[in-house]
Structures are given as C-alpha cells and as structure tokens.
Protein chains: 2
Amino acid sequence: MSEQLQNVFQQYDIKFTTARASILEVLKVANSPLNYEQIKEHMSVKMDKATFYRNIAKFEELGMVHKFESDDRKWYFELSSTTHAHFICEQCHKITCMEVDLGKVEGEVTSIVLKGTCKECHS
Amino acid sequence: MSEQLQNVFQQYDIKFTTARASILEVLKVANSPLNYEQIKEHMSVKMDKATFYRNIAKFEELGMVHKFESDDRKWYFELSSTTHAHFICEQCHKITCMEVDLGKVEGEVTSIVLKGTCKECHS
DNA sequence: CCAAATTATGCAACTAAGTCGCAAAGGAAA
DNA sequence: TTTCCTTTGCGACTTAGTTGCATAATTTGG
Ligand SMILES: [Mn+2]
Ligand SMILES: [Mn+2]
Ligand SMILES: [Zn+2]
Ligand SMILES: [Zn+2]
C-alpha cells in the first residue's frame, strides 16, 4: 500500500494502519467534503465507526483534516488546506467550497460556514 | 401579560399561549444567543422541551427567530435582525455577534458562523 | 528475527439533543 | 357556552457520535 502514506505517518509520528491509510486515501480522492457514511461507502476496507471517529479525531488534532457540521447534523471532513468557506444550501443540501474575504476579524478564524439558498435553488 | 406580545401573535396569526410569550420574552431580554437549557433557566413558566422546540420551529418558519449551531452541538436562538455573523471560540466557547462583509456571494446567505480562537484566548 | 511495550481496533453499551404520536388541555370565534 | 382547531405534556424514540474494555496489530530495539 502507498509508499507515500507510509512517510506521512512517519512524519506525524503515528502508527501505520490500513484503517488510517484508507481514510486518507478516500479524502485525497474526494472533490468535496464527506461525512462518515460517505467515506465508509468509498472505503475498500471495513472498519468500525469508533475506529473511524477516533482516527479522524487524531487527524484533526494533527491538523491533517478539517471538519465542520452541515445542516443534517453530521460532521463533514476534508483534507486541510488554506482556510476557506463552505456554503450549505438548505434546500438542496449541496456543499460548496468557496473563497471569501471577511475583511479584518479579531482572533483567528479556522472555519467559515455559510447557510442559505444556493443560486440554483434561488427562485 | 404584555399587551405588546398579544399584538405580535395577532400579526403572525398564531394563538397566544403563555409558553410562546415566555420564550419571546426571554429572547427579547437576552443580549446574546441562547440554547434551550439557557432559555429554560430564564423562563418564569415551565414547559416541556417538545413544546419549546415546536414553538421555536414555528417562530423560525415565521421568520421571527434565527438559529444556528455552536460547537457543543446545540442550537442557539436569537430574535431575527439583520443578517450578521457569529464567531464561536473553540477554547472559551463564547459566542460573539459581529458584522462581516462577505463581498459578493452567489445565492442568498442567511447564516454565517465562524469558528476559531477569540482575541482573548489567542496567545 | 523475536519479544516486550505501546497503540489501535472491534464490539457493544451508552449519551444526549432533538423529534414524534397521542390523548388531554387550552384558545378563538360565534 | 359550545364547538372547532391548535397547543401542550408525556413518554417513547431516533441517531450521530462517544466510551470502556478485551483483543489484535504495529513498532522498536536487543
Ligand atoms: Mn472545502
Ligand atoms: Mn447575533
Ligand atoms: Zn441549492
Ligand atoms: Zn475564547
């Protein structure tokens, strides 16, 4: 399994397991944030949800993964990149990644979630 | 009980009940968004949580109340006003209302939630 | 290469915010 | 007051995510 990932785990000083590799592989291929069920569907290996959530928590604390909540009360995950916003349409529930400029905000912003109606659903 | 509120209920064409009046009174006095438990604490009358959530849902669909989720997986409620952002500090969990300028965003934005570290907690 | 130490995993039980069905109570209108 | 319709309380339920614990896998270093 991916020589690349072996190194990633070494860098972050965590053990290499197929569960972890599998999660990261799915997230690497994904072109939008995914929730647990969606990631599970795309995974080659099966793993318990406890394992999934514990590993995702670890990835998050290491800064490898970013998460936010959509309007279905589920966590959505994506590989960390530059801070950007997520627009969630409350009608079609589609999630769109987008850049926004907040201007100056005191403190440090790590997550931006916008909700509303997307342009497709907007009458 | 408040003559004012009687009129509000008439305007929105919903029945006047002490439960509803009580919820709105708490929200009117509040100076930041509150969750169910917090609203309950500030309420003079007691009511079942089912009643609370059904009424809040009605208020929301009538556009009287706005809600969003904080990082504790609870809904926070406030009386509707102009669309503004809420900053949630993931360390002290304080919620701050603030104006932000998103620039141009396609579609209609009704909720803006920022998470991160507030200036007090920022080392 | 192997044994010990450490960390991860699966399972099942649990948590808790919010929802739902239903029978009883309350409000509006006449 | 009577009738009709809406709201309420209660308890059971839902479900995403969490936790404890025994077992299994990975790392290390001798
Ligand atoms: Mn994104
Ligand atoms: Mn606000
Ligand atoms: Zn949409
Ligand atoms: Zn803070």
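Lettering follows sequence order; numbering is per chain, from 1.
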J.: For B/Lys40 and C/dG18, give me the distance from atom NZ to atom P, rounded to whole Å.
T.: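 The answer, rounded to whole Å, is 13 Å.
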J.: Scan nucleotides 25-30 of chain D nucleotide by nucleotide, 5' to 3', and note B when protein non-hydrogen atoms come under 4.0 Å of the base, S if they reach only the sugar-phosphate, - if neither.
T.: BBS---
J.: Could you check how far CG of B/Asn55 sits from P of C/dG18, rounded to whole Å?
T.: 15 Å
J.: Counting heavy atoms not belonging to B/Asp13, are there more than 12 under 6.0 Å from its CG?
T.: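 Atom CG in B/Asp13 is not crowded, with 12 or fewer foreign heavy atoms closer than 6.0 Å.
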J.: Taking only N and O in the side chain of A/Asn35, is any of them less than 4.0 Å away from OP1 or OP2 of D/dG17?
T.: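 For D/dG17, neither OP1 nor OP2 has a side-chain N or O of A/Asn35 closer than 4.0 Å.
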J.: Please give, in whole Å, the distance from C/dT7 P to A/Arg20 CZ?
T.: 11 Å
J.: Take the protein atom OH of A/Tyr12 and the nucleotide atom C1' of C/dA8, then report the distance between them rounded to whole Å.
T.: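 From A/Tyr12 OH to C/dA8 C1': 20 Å.
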J.: Taking A/Asn35's backbone N and O only, do any of them form a donor-acceptor pair with A/Gln38's side chain (distance below 3.5 Å, no angle check)?
T.: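 Side chain of A/Gln38 to backbone of A/Asn35, a donor-acceptor pair under 3.5 Å: yes, one is there.
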J.: Below 4.5 Å, heavy atoms only, C-beta onward: do A/Glu60 and A/His66 meet side chain to side chain?
T.: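 No, too far: nothing below the 4.5 Å cut-off.
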J.: Report the distance from atom CZ of B/Phe9 to atom C1' of C/dG26, rounded to the nearest whole Å.
T.: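 My rounded result for the distance is 14 Å.
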J.: Extract from the structure each pairing of a protein N or O with an N or O of nucleotides 10-15 of chain D at less than 3.5 Å, listing the distance.
T.:
none

J.: Please report whether the ring centroid of B/Phe77 lies less than 6.0 Å from that of B/Phe52.
T.: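 Yes; B/Phe77 has its ring centre under 6.0 Å from that of B/Phe52.
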J.: Please report the distance, rounded to the nearest Å, between CG in A/Leu62 and C1' in C/dT7.
T.: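 Rounded to the whole Å, the gap is 14 Å.
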J.: Between B/Lys74 and B/Glu69, is the closest basic N to carboxylate O distance under 4.0 Å?
T.: no
J.: Taking for each residue the nucleotide of DNA chain C bearing the nearest heavy atom, is the 5' side occupied by B/Glu37 or by B/Gln10?
T.: B/Glu37
J.: If the cut-off is 4.0 Å, is A/Tyr53 near the phosphate of D/dG17, judged by side-chain N/O to OP1 or OP2?
T.: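 For A/Tyr53, the contact criterion (side-chain N or O under 4.0 Å from OP1 or OP2 of D/dG17) is met.
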J.: Mark yes or no for whether A/His42, through its side chain, and A/Lys40, through its backbone, hold a donor-acceptor pair below 3.5 Å.
T.: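 Checked: no pair found.
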J.: Could you state the atom-to-atom distance from CZ of A/Phe52 to P of D/dG17 in whole Å?
T.: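 That distance rounds to 8 Å.
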J.: Within the side chain of A/Ser22, is there an N or O that forms a donor-acceptor pair under 3.5 Å with the backbone of A/Met43?
T.: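 A pair under 3.5 Å: no.
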J.: Please classify the nucleic acid contact of A/Lys67 as base, sugar-phosphate, or nothing, using heavy-atom distances under 4.0 Å.
T.: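 Nothing, no heavy atom under 4.0 Å.
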J.: Can you check whether B/Val109 reaches A/Lys115 side chain to side chain, under 4.5 Å on heavy atoms?
T.: no
J.: Whole Å only: how far is the CG atom of B/Leu24 from the P atom of D/dT7?
T.: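 Distance, rounded to whole Å: 14 Å.
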J.: Between A/Asp101, A/Ile112, A/Leu114, which is the residue that forms a side chain to side chain contact (heavy atoms under 4.5 Å, CB included) with B/Leu102?
T.: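 Of A/Asp101, A/Ile112, A/Leu114, side chain to side chain contact (heavy atoms under 4.5 Å, CB included) with B/Leu102 is met by A/Leu114 alone.
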J.: When you measure from the side-chain N and O atoms of B/Trp75 to the phosphate of C/dA17, is any distance below 4.0 Å, counting only OP1 and OP2?
T.: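 No, B/Trp75 has no side-chain N/O under 4.0 Å of OP1/OP2 on C/dA17.
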